[in-house]
Amino acid sequence: MFISAPPICKLFVSWKFLYFRQIIRRMRLTFSSKEILMKQTVFIKDLRNLDQQEVTLHGWVVGKRSGGKIVFLLIRDGTGTCQCIVEAAQKELFDTASSLGQESSLSITGKIRLDSRAPGGAEMSVTGLQPIQVADNFPIARKSHGIDFLMTHRHLWLRSPRQTAILRIRHTLIRAVRRFFDDNGFTLIDTPILSPGAAEGAGTLFPVDYFGEEVYLAQTGQLYLESAAMALGKVYCFGPTFRAEKSKTRRHLTEFWMVEPEIAFAELPDLAEVAEAMLCALVDSVLKVHREDLAFLGRDVAALEKIKPPFPRITYTEAVELLHSPDVRARIEKELQADRERLQQWIGELDGAEKQRAVAKPGWPSDKLDQQLQDLRERIHELDIDIAHRTEHLSDAQRFEWGNDFGGDEETIISRHFDRPVVVTKYPRRVKAFYMKVAPDNPEVVLNMDVLAPEGYGEIVGGSQREDQLDVLLKRMAEEGMNTAPYEWYLDLRRYGSVPHGGFGLGIERTVSWICGLKHIRETIPFPRLMGRIYP
RNA sequence: UCCGGUGUAGCGCAGUGGUAGCGCAGGUGACUGUUAAUCACUUGGUCGUAGGUUCGAAUCCUACCACCGGAGCCA
């Protein structure tokens, strides 16, 4: 038929074909092709629009409740959860449904019905059930677990609603980071992960055998980025970073992700401005999409809504004065006093609850009491330790001497003084890296900045204007006792068209931790790498 | 590396020198609307390991191991 068709028709067909192909291509390019590659067509997140329709879901069993002649299966598919109902009248279905353990995988078919009694508002009356794999004794129950157990079962722990909420927020945050730089004229530069030895602070790097030579996993892309900035003006890199420090704290990972912009013709105030705009954009984009997830995590959203420019900017010297100030001391002592009273009150409550428990009969009321007791004990223990730490921190802060670097305690005290991130600039030269530009008006300090997140989350951004004068840079390297030979390429940047420039690094996981309001950084990355933990 | 804490059933925890306990999970049964369902019954333990003190140790002492939190360092 095509062969016999008139030429004009052939032309039309091929034109149409080309047009269609173009649409498909465009869809792929913009990622707007919704789930185009999957067999699955119906997702739980869309069920509210499918009232009275028969659909098939593919997913996993979250939980099961039975009520005599009725079974409720709670199913999740990665987009949400749906309650599915099987009644005893359908004997075979009923028996199959009753036999499914937590996290069994299945395809399930039924009619969707909007119902206020169902979690999520829509439920399914099951007409067909195809188990894919029946799971038994899933290790993670829908009750409390200790952190060691959860960490060894991280691959399964990821399925819990709390973890998926965090991972979704992490995803949005990373997208927002890329979008911010892409939309502001930055070019993405991928810097190497294997780097030659003799870098600064070599003790903190992971050694790797490179054909018999010892090289290291990168702890920053910065030096390479500087050369790219001389080529493209505004650049950034985004990738994993490795630190072999033996830090066992809630703020440290040995492998984490960092985004680093580097800008030619930029000075310190420009960098602060970029960091400020970036952080606002990040918080904004998370608030836009993840109200529900943040609420689920128990995050105080009001605190995030305060993240608007301008951020306070203080110098290191002013920060030290802040640490010594009687105002700060008074504020912290007041907080401590309030917490001590809270602790006493809780201990009183615990005492009362224990007495109640002693005379309680077995059964439901005493279960509740047990729960309360455990809860109280845990809270008391945590607050007790916290108070002890803060008391120590306070006296340390008061004795802090100009010239030292801030530790976690000092950062906490400074950041708690403000309700939005604070930019601290111009640290003492001798505690900072060789590449930071010495302040023209005071050679004792460098043109660097740290951004401290509020609510005690500490440093999330660290950066500086770089030393762009060859002679000063060489002097600094000599001061640090560095061998210049491995850095000849870096020094070349100061020989051929050197310009003022600078950049900073943003730690993704610390930012996720702050935005989600988490107690520990280990929940911000799918498989955290911590000192002494590499499984799974 | 240093300081502090914890280790009791598959999981979460109580138990301060005198017979090993509670909740959840697992098993059996009851219940037609549950929301971490509920109720009854039930299986399950070399109390981290090794020594010591004692008539007697989960409990006291010593050493070691594992984990957690913090310091230093950093994002």
Does any N or O in the side chain of His417(A) come within less than 3.5 Å of the main-chain N or O of Ile413(A), such that one atom is a donor and the other an acceptor?
no
Has Glu245(A) got a side-chain atom pairing as donor or acceptor with Met531(A)'s backbone, closer than 3.5 angstrom?
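Checking the backbone N and O of Met531(A) against the side chain of Glu245(A), no donor-acceptor pair under 3.5 Å is found.
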Take atom [atom1] in [N] and the same atom in [M], then report the distance between them in whole Å.
N: A58(B); M: A50(B); atom1: P; result: 13 Å
N: G5(B); M: U62(B); atom1: P; result: 12 Å
N: U6(B); M: U42(B); atom1: P; result: 35 Å
N: C11(B); M: U49(B); atom1: P; result: 15 Å
N: A9(B); M: G72(B); atom1: P; result: 36 Å
N: C3(B); M: U16(B); atom1: P; result: 29 Å
N: G7(B); M: A14(B); atom1: P; result: 8 Å
N: U8(B); M: G45(B); atom1: C1'; result: 8 Å

Can you list, by residue number, the residues of residues 85-97 of chain A that have a non-hydrogen atom closer than 4.0 angstrom to RNA chain B?
Ile85(A), Glu87(A)
Of all of residues 445-466 of chain A, which get a heavy atom below 4.0 angstrom from RNA chain B, listed by number?
Glu459(A), Ile460(A), Val461(A), Gly462(A)
Can you tell me if Phe256(A) is stacked onto the base of A75(B), using a 5.5 Å centroid cut-off and an angle below 30°?
yes
Identify which one of Arg466(A), Glu467(A), Gln222(A) satisfies the side chain to side chain donor-acceptor pair (under 3.5 Å) criterion when paired with Tyr435(A).
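Per the side chain to side chain donor-acceptor pair (under 3.5 Å) rule, the option paired with Tyr435(A) is Gln222(A), out of Arg466(A), Glu467(A), Gln222(A).
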Across all strands shown, which nucleotide pairs with [N] by Watson-Crick or G-U wobble geometry, both distances under 3.5 Å?
N: G18(B); value: C55(B)
N: A71(B); value: U1(B)
N: C39(B); value: G29(B)
N: U62(B); value: A50(B)

Should the ring pair His153(A) and His155(A) be called parallel, tilted or perpendicular, given that the plane angle runs from 0 to 90° and is split at 30 and 60?
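His153(A) vs His155(A) ring planes: parallel.
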For a quick check, tell me whether the side chain of [X] and the base of [N] share a donor-acceptor pair closer than 3.5 Å.
X: Arg113(A); N: G33(B); result: yes
X: Arg510(A); N: C74(B); result: yes
X: Ser247(A); N: G72(B); result: yes

Under 4.0 Å, counting only non-hydrogen atoms across every strand here, what does [X] touch: a base, just sugar-phosphate, or nothing?
X: Glu123(A); value: base
X: Asp136(A); value: nothing
X: Ile508(A); value: nothing
X: Arg390(A); value: nothing
X: Arg251(A); value: base
X: Ser66(A); value: base
X: Gln83(A); value: base

Hey, is CZ on Arg430(A) packed in by over 12 heavy atoms from elsewhere, all under 6.0 Å?
no
With sequence neighbours left out, write down each residue that passes side-chain hydrogen bond (donor to acceptor under 3.5 Å, both in side chains) with [X], or none if nothing qualifies.
X: Arg65(A); result: Gln83(A)
X: Asn448(A); result: none
X: Arg476(A); result: Glu479(A), Glu480(A)

Output yes when Glu276(A) and Arg313(A) qualify as a salt bridge under the 4.0 Å nitrogen-oxygen rule, no when they do not.
yes
Pair Lys426(A) + Asp450(A), salt bridge at N-O below 4.0 Å:
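No, no charged N to carboxylate O under 4.0 Å.
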Using atom names, set out every protein N or O paired with an N or O of nucleotides 7-13 of chain B below 3.5 Å, distance rounded to 0.1 Å.
from   : atom 1 : to        : atom 2 : distance (Å)
C11(B) : O2'    : His145(A) : ND1    : 2.4
G12(B) : OP1    : Gly146(A) : N      : 3.0
G12(B) : O4'    : Ser144(A) : O      : 3.3
G12(B) : O2'    : Ser144(A) : OG     : 3.2
C13(B) : O2'    : Gln374(A) : NE2    : 3.4

Between Asn137(A) and Lys64(A), who's closer to the 5' end of RNA chain B by nearest nucleotide?
Asn137(A)
Taking atom P of C67(B) as reference, at what distance in whole Å does atom NE2 of His520(A) sit?
14 Å
